[in-house]
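Taking it in order: structure first as structure tokens, then the write-up.
Letters A, B, ... are given to chains in the order of the sequence lines, protein chains preceding strands, and every chain is numbered from 1. Note that this is a predicted model, so its numbers are computed, not measured.
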Protein chains: 2
Amino acid sequence: MNKRVTIKQIAIELNVSMMTVSRALNDRSNVDSRTKQRVLETAARLGYKPNYVAKSLALNKTFSIGVVFPEISHSFFPEVIKGIERVASKNEYQLILSYTAENQSREIQALQTLESKRVDGILISMAQDVDNTDHYKVLIDDGIPLTFFDRCATGLGASCVRIDDYQSALLVMKHLMGLGYEKIAHLHGPVELELGRQRLEGYKDAMKSGNLSFREEWLVESGFSEKGGYEAMNNILALRKPDMPEAVMCVNDPVAIGAMEAISLAGLKVPDDIAITGFTDDVRAKLIRVPLTTIEQPTYAIGKKAARKLLRHIASKDEEVEDIVLDTRLIVRESCGARKKSEKLSVL
Amino acid sequence: MNKRVTIKQIAIELNVSMMTVSRALNDRSNVDSRTKQRVLETAARLGYKPNYVAKSLALNKTFSIGVVFPEISHSFFPEVIKGIERVASKNEYQLILSYTAENQSREIQALQTLESKRVDGILISMAQDVDNTDHYKVLIDDGIPLTFFDRCATGLGASCVRIDDYQSALLVMKHLMGLGYEKIAHLHGPVELELGRQRLEGYKDAMKSGNLSFREEWLVESGFSEKGGYEAMNNILALRKPDMPEAVMCVNDPVAIGAMEAISLAGLKVPDDIAITGFTDDVRAKLIRVPLTTIEQPTYAIGKKAARKLLRHIASKDEEVEDIVLDTRLIVRESCGARKKSEKLSVL
DNA sequence: AAAAATAATGTTAGCGGTAACATTTTTTCT
DNA sequence: AGAAAAAATGTTACCGCTAACATTATTTTT
């Protein structure tokens, strides 16, 4: 391995100053075009590779943004990251990814490291068990642009790109209630997260507006995983017959899938015995035995919008803090019996 | 935003030299314990955050590794990355991710940027359309540890973590042939990739060893996507009846899923009319209407092993170059009729 | 208690690049 | 042609931190 080529060596080679070389390499205006030419040639000949570490130190800018996310196994976050990557790479930013596994301490650790790496900004989707926002405040106080996506912290003066969880929950509930379901349960996400609260509120308000009373036992926290959904559903299934809900609105698709598994193992059928709804439109939602009625989120767009917003925050300290809310869409499949009913109708 | 706290400020505050502060912060042995105590306290009080950019420049080490991968939408790579992340974060390395979208020029660009960012090493899975390996050689010549995973370039003296594609292909073929299929087609991946060639060789050798003749029309390149599988399958379906294969071995699950779509749209049934096999065990494989017989890869383990190997290369220039081959397993589901047949058997 | 060994701290220089200002060269203008 | 303006290049200092060597303070040894 040859010693790394530096600007200095190019300068010596051409008998000019380092600054001239630097200017030529960065395509500044005030360099003689012939000089620039010679510099470029020599750089190529010697195999010069700029050292971004040194450049970052001198410029106090790293051209990298941190992306902190809680989960990677399911389809939502990879797709969001793809959107982020698209925008970042177009703007010559690199992504430093940190996975938190839904764990607050890992999240804190990740943010500290990213700050020490002096990333120019951070995109973050909160971990499930985050119970306070001090570690975000530190970053904001230190002037590091921070933009949330999907799972946002409120009241910190940071931008956020998300869907309208409350309205989307209403959408789902309207659908269920329109199909005549009255006893509706909700496997909800962590109430520490705004997203969990909003979907829960949507559920409650929909029940209220439909004059439907609900039992406390119909509210079970499930987290966001299949396992959580499975266990939460088993709590529901353990209820006495008269207390058993006819439909269950799940906080997301993995939970819904876990719940369906529990229902199936209990010898019951979806949607005949219990209707199920999801949220997210996981790749699996349309493929499972009973395709899942769910909310479609503009996943890729969330990533792109979030990245764009962050880049604007990076470009200007005065960029306005925004709460960007993207539209969702209800996808009706078979897990609530709607399709079947309409099929029946068409047969009539 | 307060000005950033540096070692210098701590040094002035305590009236010691910067070196003493540096040593204390890095927990070196030869610092008076009381001094160390005072430094740590002051650092905490002032809100000192180490600047890794400066540290990296001084030490010529960035504690970050680049991960270059071609696809993120399906489940394979996210799972591998999860494995990589696990090992990296345990060793206090950060991941800089670069997504190439199966595109060689993006791959080249990504590698250049990573080199300029002076990552300590790079993990890479080749893009589909890579047709030469010069850009890898540059890195290797520059002494940057490079380890391939899943899709490896051979003959470059770089370590590689992968499965045995040839043997796995044989496994699939043996299964099909054991079920009595003789007219077997293969939707193959790009032959530029070792992986594509190996699976293709496995197919050919299996046919040969079974004394089965095959037509050239049964070999169709499909790439790695659903769309590619769909289109390639349509080529097969356009064959005259007597030339039609009874089974199709697909290079991976997305291709198999695309192929099944094409078959279904052609009004045919899997496995009754045509049997299908996949490769990868995508999350969807067991969920689709006709669950897919496929090869299970130790995805997470590939990530972990690759990361460990790379870290060892980083730690020592003398680390032996290895070709690490992990075991796979055939998962028999219903897309070849095997399950059904055995069910029939049990009824008898 | 003086010499030797050890521990603690300090000094200098450099990692590779760039901003800001200074100087020299070239061009433009009257 | 000489002054002024513009263009090209050079010099100095610094970004924040650490290695390597130098020095000073402390402890150990006989």
Distance in angstrom units between [X] [atom1] and [N] [atom2], rounded:
| X | N | atom1 | atom2 | value |
| --- | --- | --- | --- | --- |
| B:N60 | C:dG17 | CG | C1' | 14 Å |
| B:N15 | C:dA8 | CG | P | 19 Å |
| A:R23 | C:dG16 | CZ | C1' | 16 Å |
| A:K8 | C:dG14 | NZ | P | 8 Å |
| B:K117 | C:dG16 | NZ | C1' | 16 Å |
| A:R4 | C:dG16 | CZ | P | 9 Å |

Salt bridge flag under 4.0 Å for residues [X] and [Y]:
| X | Y | value |
| --- | --- | --- |
| A:R151 | A:E194 | no |
| B:E13 | B:K8 | no |
| A:K90 | A:E85 | no |

Taking atom OG1 of B:T147 and atom CZ of B:F149, what is their separation to the nearest 0.5 Å?
->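 The distance works out to 10.5 Å.
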
Nearest 0.5 Å, what's the CD-CD distance between A:Q128 and A:E107?
->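 Separation between the atoms: 11.5 Å.
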
Looking for any heavy atom pair under 4.0 Å, which part of the strands does [X] touch: base, sugar-phosphate only, or nothing?
| X | value |
| --- | --- |
| B:L57 | base |
| B:Y52 | nothing |
| B:V16 | sugar-phosphate |

Nucleotide range of DNA chain D lying under 4.0 Å from chain B heavy atoms =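 Range of nucleotides within reach of chain B: D:dG16 to D:dA20.
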
Specify the residue among B:L59 and A:S22 whose closest nucleotide of DNA chain C lies further upstream toward the 5′ end.
->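 Closest to the 5' end, via its nearest nucleotide, is B:L59.
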
More 5' along DNA chain C: B:A54 or B:T20, using each one's nearest nucleotide?
->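 Closer to the 5' end of DNA chain C: B:T20.
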
Would you say the side-chain atoms of A:S116 and A:Q112 include a donor-acceptor pair closer than 3.5 Å?
->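 Absent: no donor and acceptor within the cut-off.
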
Any side-chain donor near an acceptor of the partner, B:K55 and B:N26, under 3.5 Å =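 Short answer, yes.
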
Charged tip of B:K61 within 45° of B:F63 ring normal and under 6.0 Å |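 Yes, B:K61 sits over the ring of B:F63.
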
Axis bend over the full length of the helix from C:dA1-D:dT30 to C:dT30-D:dA1, computed from five pairs that close each end, to 10 degrees =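 Taking the rotation axis at each end, their angle is 30°.
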
Does the B:S17 side chain pair with the main chain of B:T20, one donor and one acceptor, at a distance under 3.5 Å?
->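 Checking the backbone N and O of B:T20 against the side chain of B:S17, a donor-acceptor pair under 3.5 Å is found.
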
Take A:Y136 and A:F148 through the test ring pair (Phe, Tyr, Trp, His ring centres under 6.0 Å) and record every step on the way to the result.
-> CA-CA 10 Å; A:Y136 307 134; A:F148 288 87; 5.1 Å; yes

Nearest heavy-atom neighbours spanning A:S73 and B:K82 |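 That would be OG-NZ, 2.6 Å.
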
Under 4.0 Å from any atom of DNA chain D, heavy atoms only: list the residues of residues 25-39 of chain B that qualify, in numerical order.
->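 Close to the strand are B:N26, B:R28.
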
